[in-house]
Amino acid sequence: MDKPKVVLGVSGGIAAYKACELLRRLTESGHEVRVVPTASALHFVGAATWSALSGNPVSTEVWDDVHEVPHVRIGQHADLVVVAPATADTLARAAHGLADDLLTNTLLTARCPVVFAPAMHTEMWEHPATQENVATLRRRGALVIEPAVGRLTGVDTGKGRLPDPGEIFEVCRRVLARGVTEPDLVGRHVVVSAGGTREPLDPVRFLGNRSSGKQGYALARTAAARGARVTLIAANSTLPAPAGVDVVPVGTAVQLREAVLRAAPEADAVVMAAAVADFRPAAYAAGKIKKKDGQEPEPVTLVRNPDILAEISADRARPGQVVVGFAAETDDVLANGRAKLKRKGCDLLVVNEVGELKTFGSEENEAVVLGADGSETAVAHGPKEALAETVWDLVAERLN
Ligand code: CTP
C-alpha cells in the first residue's frame, strides 16, 4: 500500500522549530511528507533541516522546479495538509484565497482534509480580523485547532501557543483515519469528563479508583479532531492535554459536579466517562490520621455523593442536549446496563465489562452502546479511539 501523503505547511513563527518534531512523528509512522515552508519560516528553521528530515526537496516559491508544476501537484496528490504553525498572516492569506507562494497555491489545489494549528501572540489571535479568518476557514471545512494557553515567545504567557507536536500528530492521525474531508462536529460544544475522582480522608489519603482517564481523553481528542469545541473535565489525570481541548482539572466528585454544571449550559453534548466515586468519607481529618498503640482503627463512615449523570439527564441544561453515560460492570453486563440506562435517564450508555486486567489503564476497550430509543451498537475490541468515534457518530446522529 502507498504511504499516506502529507503536506506539512510551515509558516514563519518561532514555533516552526516544533514542526520538526511533528515531521519526525509523521515520517516515523509511515507517512510520505512534503514540507512546504513559507519564505519567512526559513528565517526560523532552514530548508536543509526540512529536506533532511522529510527526505524530499523543499521549496517556498512556485518558480522552483517549474517543469514539475509543484504548485498544482503537491496539493492535488495530498491525503492531508497540515499547517503548523499557522501564523495570523498565513491564516489571512488562506482565508482570502491568495496564491502568492507555494503553500497558498497548495492550499487552493488540495481537495483533502486541511488542518491548521495556529500559533501567535494572544492579541493577534484574539483580533477580530484573525477570528473572522478562522471562522471563514472553518466554515469552508478546514479544521482549525484552538491554540494552547501557556508560555509564548518571550516571558509572556497567554492563549496562542502551538499545541504539543505529539498532540498535533494525534489530530492528523485521527483525521486521516476517518477519511472524510470535512469535520462533522464544527460549531458543536461538547463536555467530556474523564479520570477517576479521589475522595480525601485526610491530607495524605483518599478513596480512589483505577480509572486511567484514557477513554475520556480519547473521547476529547476525537471530538476535537472532528471540529468540536471541547471542555475536558479531568479528574486526577496526568495524561497530556489533547490539542485544542480546554482542560479543567478537578479532584473530588463534588468538584467534578460543579465543573460539569458550569460547562453544561453551553454544551450540545455531555459525556460522563469519569469514574465518579459513589461515596465519600463523611468526615475529613484536617491532620494525618495516626495509629494509636493498643487501639483499633476508627471505622470510616461514608456518605453518598451526588449522581451527576442522573442529575444532568433529568434536568437538561439545553433542549436537545445529548447526555451519554458509561457503565462499568463485572457481571450480567447487558442486563445491568439496560437497567442503569433507565435509572440514569441518559440518551446513550456505553456498557463495558471491567475486571482486574480489563479496561482500566489499558489502551483498548470493547463495549455495547445502548440507546434510550432501544438501539444497541456493539463495538468490537480495539483502540479506545475507535469506541470514541462510535460514541460521536451516535451523538452526531442525535444532534442532527
Ligand atoms: N456517575 C455520576 N455520578 C456518580 C456516579 C457515577 O455521574 N456519583 C456516572 C459515571 O460517570 C458513569 C455512570 O454514572 O457515566 C455510571 O457509573 P457506575 O459507577 O458504573 O454506575 P452506578 O450508578 O454507580 O451504579 P453501580 O454502583 O450500581 O454500578
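First listed ligand is number 1; within each ligand, the first listed atom is number 1. Each residue takes its place number in the sequence, starting with 1. Because the structure is predicted, anything quoted here is derived from the model rather than measured.
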Look only at the side chain of [X] and the backbone of [Y], and say whether a donor-acceptor pair between them is shorter than 3.5 Å.
X: Thr27; Y: Leu23; answer: yes
X: Asn305; Y: Ala277; answer: yes
X: Asp79; Y: Pro4; answer: no
X: Arg316; Y: Gln321; answer: yes
X: Arg138; Y: Val144; answer: yes
X: Arg25; Y: Glu21; answer: no

List below, pair by pair, the N or O atoms of ligand 1 and of the protein that are less than 3.5 Å apart, including the distance to 0.1 Å; reply 'none' if no pair qualifies.
unit_1	atom_1	unit_2	atom_2	d
ligand 1	3 (N)	Ile308	N	3.1
ligand 1	7 (O)	Ile308	N	3.4
ligand 1	7 (O)	Leu309	N	2.8
ligand 1	8 (N)	Pro306	O	2.9
ligand 1	11 (O)	Met272	O	3.4
ligand 1	11 (O)	Ala274	O	2.7
ligand 1	14 (O)	Lys344	NZ	2.9
ligand 1	15 (O)	Met272	O	2.7
ligand 1	15 (O)	Phe326	N	2.8
ligand 1	15 (O)	Phe326	O	3.2
ligand 1	20 (O)	Ala328	N	3.4
ligand 1	20 (O)	Lys340	NZ	2.9
ligand 1	21 (O)	Lys340	NZ	2.8
ligand 1	23 (O)	Lys344	NZ	2.7
ligand 1	24 (O)	Asp278	OD1	3.1
ligand 1	24 (O)	Asp278	OD2	2.7
ligand 1	25 (O)	Lys340	NZ	3.3
ligand 1	27 (O)	Asp278	OD2	3.3
ligand 1	29 (O)	Lys340	NZ	2.9

